[in-house]
Amino acid sequence: LPTKGGILYDGKPLEYYSRENWCKSIGVVTQDIFLFNDSIAKNIAYGDNNPDLKKIEEISKIAFVHDFIKDLKDGYNTFIGDRGIMLSGGQRQRVSLARALYHSPQLLILDEATSNLDSESERCIQLALERMYGSLTIIAVAHRLSTIRNADVIYCIDKGVITEKGSHNELIASDSYYRKLSLMQTT
């Protein structure tokens, strides 16, 4: 809990929610993905004792992972090795996104989720985020500005302090640090 101030979610203090329900309402995709030496389906439905294959496939389409899975010899039953070694980095990231979405979170946190991806995989993640627009709250932590370009609100944080806030267009139009970063990343 915070030592000063408070955290509100949907206008209610965090203490209003039970820890169990709060945790169930959050999906997380990090830079470092951990997948299990099991099938793709079980990795996506992790924590569900009765995985729903139809739901797995629907979520996989949203996360742009279905097309490559269906082309595998064993499809969703393909074992992916320790930490998903049998998959490319982009495929692992998209499986991780599908896992985060499988449990229908209200809040999705992306922590540098596209930092190590090739441009095709990054584009797939961005398209997946566009498909989810308006259906859940997404918090994306990123240094790669292309990942957050379409965000409703962008916060620039320096040493734990919010230094700038606005949409991409608002921040680009100002003499902001964000604008300088954006110019550096496009040249």
Side-chain angles (χ1 to χ4, degrees), residues 9-10 17-152 154 185:
Y9 184 72
D10 280 344
Y17 302 95
S18 74
R19 180 181 291 257
E20 182 179 346
N21 288 338
W22 173 248
C23 289
K24 285 181 181 178
S25 71
I26 300 173
V28 179
V29 180
T30 62
Q31 177 179 359
D32 298 318
I33 302 303
F34 187 84
L35 298 174
F36 300 96
N37 185 13
D38 209 330
S39 70
I40 292 174
K42 287 186 179 177
N43 270 280
I44 291 173
Y46 178 72
D48 186 345
N49 293 329
N50 299 305
D52 179 344
L53 187 56
K54 184 177 179 185
K55 184 176 180 180
I56 292 169
E57 288 181 10
E58 289 171 8
I59 293 298
S60 295
K61 288 175 184 172
I62 292 170
F64 285 91
V65 74
H66 175 75
D67 287 342
F68 95 80
I69 293 172
K70 71 178 178 142
D71 291 338
L72 296 171
K73 179 181 170 231
D74 294 323
Y76 284 89
N77 293 318
T78 300
F79 273 67
I80 58 176
D82 287 330
R83 301 184 59 87
I85 191 98
M86 306 302 282
L87 305 176
S88 72
Q91 291 167 337
R92 285 192 299 267
Q93 201 72 354
R94 286 181 272 159
V95 167
S96 179
L97 177 60
R99 176 194 291 166
L101 296 175
Y102 179 80
H103 296 284
S104 305
Q106 296 172 357
L107 173 65
L108 177 64
I109 299 172
L110 305 173
D111 185 7
E112 294 287 356
T114 62
S115 65
N116 293 325
L117 298 182
D118 59 79
S119 57
E120 179 185 346
S121 294
E122 180 186 9
R123 183 69 186 135
C124 286
I125 298 285
Q126 288 172 342
L127 289 171
L129 296 178
E130 288 173 19
R131 285 183 175 177
M132 294 178 282
Y133 187 81
S135 64
L136 73 160
T137 300
I138 300 171
I139 297 175
V141 178
H143 286 90
R144 192 183 283 184
L145 301 185
S146 59
T147 304
I148 58 171
R149 181 182 189 105
N150 295 324
D152 293 332
I154 298 168
Q185 290 187 14

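This chain uses plain numbering: 1 for the first residue, then up along the sequence.
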Side-chain (R94) to main-chain (F64) donor-acceptor, under 3.5 angstrom | yes
Which atom names give the shortest non-hydrogen contact between A45 and P51, and what distance separates them?
-> CB-CB, 3.7 Å
Hey, does the side chain of Y9 reach the backbone of W22 with a donor-acceptor pair shorter than 3.5 angstrom?
-> no
Can you name the closest pair of heavy atoms from S60 and I44 and give their distance?
-> OG-CD1, 3.4 Å
Please identify each residue that fulfils side chain to side chain donor-acceptor pair (under 3.5 Å) with D67, with sequence neighbours left out.
-> none
If every non-hydrogen atom of Q93 is compared with every non-hydrogen atom of V29, which pair is closest and at what distance?
-> NE2-CG1, 3.8 Å
The reported gap from NE2 in H103 to NZ in K55 (rounded to nearest 0.5 angstrom) is 7.5 Å
Is any side-chain heavy atom of L108 less than 4.5 Å from a side-chain heavy atom of L97?
-> yes
Is NZ or CZ of R99 both nearer than 6.0 Å to the six-membered ring centre of Y46 and within 45° of the ring axis?
-> yes
I33 side chain reached by V95 side chain, heavy atoms, under 4.5 Å | no
Find out whether C23 and R19 are in side-chain contact, i.e. whether some heavy atom of one side chain is under 4.5 Å from a heavy atom of the other.
-> yes
Report the residues that fulfil salt bridge (Lys or Arg N to Asp or Glu O under 4.0 Å) with K24, sequence neighbours left out, ordered by chain and then residue number.
-> E20
Give, for atom CG of L110 and atom CD1 of I139, the distance between the pair rounded to the nearest 0.5 Å.
-> 9.5 Å
Quick one: does D32's side chain get under 4.5 Å of E112's, heavy atoms only?
-> no
Nearest heavy-atom neighbours spanning N150 and E130 = ND2-OE2, 3.7 Å
Sequence neighbours left out, what pairs pass ring pair (Phe, Tyr, Trp, His ring centres under 6.0 Å) with at least one residue falling in residues 72-92?
-> H66-Y76
Close side-chain approach of Y102 and N43, heavy atoms under 4.5 Å = no
Can you tell me how far the CD atom of Q106 sits from the OG1 atom of T137, to the nearest 0.5 Å?
-> 8.0 Å
Those residues that, when tested against T78, pass side chain to side chain contact (heavy atoms under 4.5 Å, CB included) (two or more places apart) | I40, L72, D74
Nearest heavy atoms of S39 and K42, plus distance in Å | OG-N, 3.0 Å
Could you check if a side-chain atom of I109 sits within less than 4.5 angstrom of a side-chain atom of I26, using non-hydrogen atoms only?
-> yes
Of the non-hydrogen atoms in A128 and I62, which two are nearest, and what is the gap between them?
-> CB-O, 3.1 Å
Taken in chain and number order and not counting sequence neighbours, the residues that satisfy side chain to side chain donor-acceptor pair (under 3.5 Å) with N49 are none
Could you grab the distance from atom CD1 of I80 to atom CG of D38, nearest 0.5 Å is fine?
-> 8.0 Å
Test side chain to side chain donor-acceptor pair (under 3.5 Å) applied to S135 - qualifying residues, sequence neighbours left out | none
Could you tell me the separation between the CG atom of D52 and the CD atom of E58, rounded to the nearest 0.5 Å?
-> 7.5 Å
Rounded to the nearest 0.5 Å, how far apart are CD of Q126 and CD1 of I148?
-> 10.5 Å
